[in-house]
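A quick note: this is a predicted structure, and the numbers were derived from the prediction, not measured. For ligands, and for the atoms within them, numbers begin at 1 and follow the listed sequence.
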Amino acid sequence: MKISVIGAGYVGLTTAACLAQIGHDVFCGESDLEKLTKLQNGVMPLFEPNLEDVIKAGRKAGRLHFGSTEDAIAWGDAIFICVGTPPLANGDADLSAIEGVARSIARHASGYRLVIEKSTVPVQTGAQLQRHLAAHSRNGLSYDVASNPEFLREGSSVEDFLHPDRIVIGVDSPRAENLLRQIYEPIIHQSFSCPVHTSCPSRKNPIFLATDTNSAELIKHASNSFLAMKISFINMVANLCEVVGADVTKVAQGMGLDPRIGPSFLNPGIGFGGFCFPKDVQAFIRIAEKSRCDFSLLREVEKINQRRVEHFVEKVRKELWVVRGKKIAVWGLAFKPNTDDVRFAPSIALMKALLDEGASVRAYDPEAMEKAKSVLPNITFCSDPYDAAEGADAVLIVTEWDEFRQTDWKRLRSIVDQPLVIDGRNVFSPEGISRNGFRYISIGRVDALPSQPPADEKIDAALALAGNTASEVVA
Ligand SMILES: NC(=O)c1ccc[n+]([C@@H]2O[C@H](COP(=O)([O-])OP(=O)(O)OC[C@H]3O[C@@H](n4cnc5c(N)ncnc54)[C@H](O)[C@@H]3O)[C@@H](O)[C@H]2O)c1
């Protein structure tokens, strides 16, 4: 089928590339000319594992094109809207990009169009879109509007798109439902050739849930808010553990063994960030407010999250006594590993707090430094974790990149000023680090004092808590 995708960000690019991969003819429209030129020249504007290869394959097969929004609108019978919906100052989702696309569709479409909201939007946006399209439609063209919320996670977007556990659509007409079923057919039956795995980890067919548009829109906001609530919940449990001397890792493990609770999203840390959870929780609060529903539970979720960075900075203060003039190494800037996205990343608030207190910060992130440079002008960006740690009074772990799990502790010990690691993501086992001569402070666990470093060298990778990742902290 000929399909258009509007917006070439994390969601739009993944959607366009994966729809081409499963056999559709896709035209992706992007209004940012710099980004568009990069894409047309085969240059990736963002980092996302596997995405570059899928885009290359789609272009080579002649099934993936990039161009203007107008050309995209003229192309497909189905149009996926994947533009940003950032928060306004009052927490509402800013829908101006969505409205702009609707205006263009009304102006440039030349026949029936199925307009699909993939961007995360407040409930009843579909109804507004329908009204807007009808009001501005030329030549009496007809439209269907559908909701198709996206659940992919940055860092594994291609895999998540191609092997989802569910596909949710909100439709108000059989025609819209049939078209969406046709579009997703190869994914529903997992019958495409997978660009990521030779043998896919889960060939289970996803559940295809068709509902009304309002419910589909609510499913996305309710899901993200629920996951955010789980994170804030375990973060409060971590605070309690710190006071009473319990271990939050064990508590989370014990809780997660209950299938009604489940183990995911029970990793405490420095708080959730990214372009989804913070803004989606805010938007959901506003939706409830405007509907006169008292959802103050979510206000607490947000407040707890906002206090996480301050809680972490308090640990830094407690260890360093005076922060002014101290050299601090920050490992990780992206809001989670395997992405270069720093939007609403806890690292930004953390950096500001440390700089305000007079520390000098040397930071390293495997992928996010380019994007961080524009938002964090007063820190030194380093070539690797050791470069960042040179002469440091403390090493702070802010994003749980795998690279940090391979730390050569002997080397690190020889270059830092003070052997102190403060870990905002509980990447390591306290015993492992302290045996390497470091004082180790983490989240919701007892602080570990340095013990005698071993005669040799590189900590065994097994000391790192393999698999204990907070990467799921954001969708
Ligand atoms: N990032 C995620 O992990 C994720 C996951 C699920 C859902 N979402 C939702 O998907 C939406 C997009 O998120 P994202 O992270 O991809 O955003 P993004 O900022 O990375 O991408 C949006 C793109 O749309 C482009 N754009 C804006 N107006 C346009 C127009 N009129 N024509 C063409 N292009 C236009 C922008 O230039 C930008 O490149 C948001 O609503 C977000 O909440 C994001």
Side-chain angles (χ1 to χ4, degrees), residues 4-18 27-39 44-49 51 66-75 79-88 92-108 115-122 125 147-161 164 166-168 216-217 219-221 223-225 227-228 272-284 334-336 338-345 371 471-475:
S4 308
V5 174
I6 311 294
Y10 292 87
V11 169
L13 262 188
T14 305
T15 302
C18 291
F27 195 110
C28 180
E30 169 58 51
S31 59
D32 177 334
L33 285 183
E34 197 185 325
K35 208 181 236 188
L36 178 59
T37 309
K38 278 188 178 172
L39 286 164
M44 284 295 285
L46 53 86
F47 170 75
E48 183 59 42
L51 187 53
F66 294 103
S68 69
T69 311
E70 294 70 29
D71 288 347
I73 288 166
W75 176 267
I79 303 177
F80 283 87
I81 304 183
C82 302
V83 299
T85 48
L88 292 168
D92 275 338
D94 180 352
L95 299 178
S96 52
I98 301 266
E99 199 218 19
V101 175
R103 202 177 288 268
S104 299
I105 293 174
R107 217 174 276 152
H108 298 284
V115 179
I116 306 152
E117 326 159 327
K118 199 171 249 317
S119 301
T120 302
V121 291
T125 301
S147 163
N148 172 217
E150 182 50 61
F151 302 102
L152 65 76
R153 298 160 299 175
E154 284 177 30
S156 55
S157 72
V158 172
E159 288 187 62
D160 292 346
F161 193 95
R166 83 277 209 206
I167 296 168
V168 173
E217 289 166 341
I219 285 169
K220 176 64 187 176
H221 267 133
S223 300
N224 274 5
S225 298
L227 293 173
F272 56 77
F275 194 51
C276 289
F277 283 10
K279 78 170 175 57
D280 291 351
V281 170
Q282 275 182 32
F284 206 36
F335 80 95
K336 68 175 196 168
N338 301 322
T339 181
D340 58 352
D341 198 347
V342 294
R343 291 177 292 182
F344 303 102
K371 294 212 162 131
S471 61
E472 51 210 352
V473 294
V474 239

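When non-hydrogen atoms are compared, ligand 1 lies under 4.0 Å from the side chain of Thr69 (C-beta onward) but not from its backbone. Under 4.0 Å from ligand 1, the heavy atoms of Arg343 that appear belong solely to its side chain. Contacts between Cys276 and ligand 1, counted as non-hydrogen atom pairs separated by less than 4.0 Å, involve the side chain only.
Ranked by closest heavy atom to atom 7 (C) of ligand 1, the top entry among Leu36, Thr120, Ile6 is Thr120. Closest heavy-atom approach to atom 8 (N) of ligand 1 among the candidates Ile81, Val11, Val5: Val11. Selection from Val83, Ile73, Ile105, Leu33 by nearest heavy atom to atom 11 (C) of ligand 1 gives Val83.
By the 4.0 Å N-to-carboxylate-O rule, Glu154 lies close enough to Arg343 to be salt-bridged with it.
For Ser223, the side-chain contact (heavy atoms from CB on, under 4.5 Å) partners two or more places apart in sequence, or in a different chain, are Phe151, Arg166, Ile219.
Checked by distance only, ligand 1 and Lys35 come closer than 3.5 Å through their nitrogen or oxygen atoms. Between Lys220 and ligand 1, not a single N/O pair is under 3.5 Å apart. For ligand 1, the polar-atom distance check against Ser31 finds a nitrogen or oxygen pair separated by under 3.5 Å. Considering backbone and side-chain N/O atoms, Glu30 comes within less than 3.5 Å of an N/O atom of ligand 1.
Close contacts of ligand 1 with Gly7, meaning ligand atoms under 4.0 Å from a residue heavy atom, involve 23 (C), 24 (O), 25 (C), 33 (C), 34 (N). The contact set between ligand 1 and Lys279, taken as ligand atoms under 4.0 Å from a residue heavy atom, comprises 42 (C), 43 (O). Under a 4.0 Å criterion applied to the non-hydrogen atoms of Gly84, ligand 1 contributes the atoms 22 (C). With ligand atoms numbered from 1 in the order given, ligand 1 contributes 37 (O) to contacts under 4.0 Å with heavy atoms of Asp32.
The shortest side-chain heavy-atom distance between Glu150 and Phe80 does not fall under the 4.5 Å cut-off. Residues Val11 and Phe161 are not in side-chain contact: their nearest non-hydrogen atoms beyond the backbone lie 4.5 Å or more apart. Annotation: side chain of Thr85 is not in contact with side chain of Thr125 (no heavy-atom distance under 4.5 Å). Proximity of Leu39 to Pro45: side-chain heavy atoms (C-beta onward) are separated by under 4.5 Å at one or more points.
Not a single donor-acceptor pair under 3.5 Å links the side chain of Glu30 to the backbone N or O of Gly67. Judged purely by atom type and a 3.5 angstrom limit, Glu48 has no side-chain atom pairing as donor or acceptor with the backbone of Thr339. Proximity of a side-chain donor or acceptor of Asn148 to a complementary backbone N or O of Val168 within less than 3.5 Å is detected.
Heavy atoms of Arg153 come nearer than 4.0 angstrom to ligand 1 in no pair at all. Under the 4.0 angstrom criterion for non-hydrogen atoms, Cys82 is in contact with ligand 1.
Between Phe344 and Phe275, the ring planes are parallel. Angles under 30° get that label, and only those over 60° would be called perpendicular.
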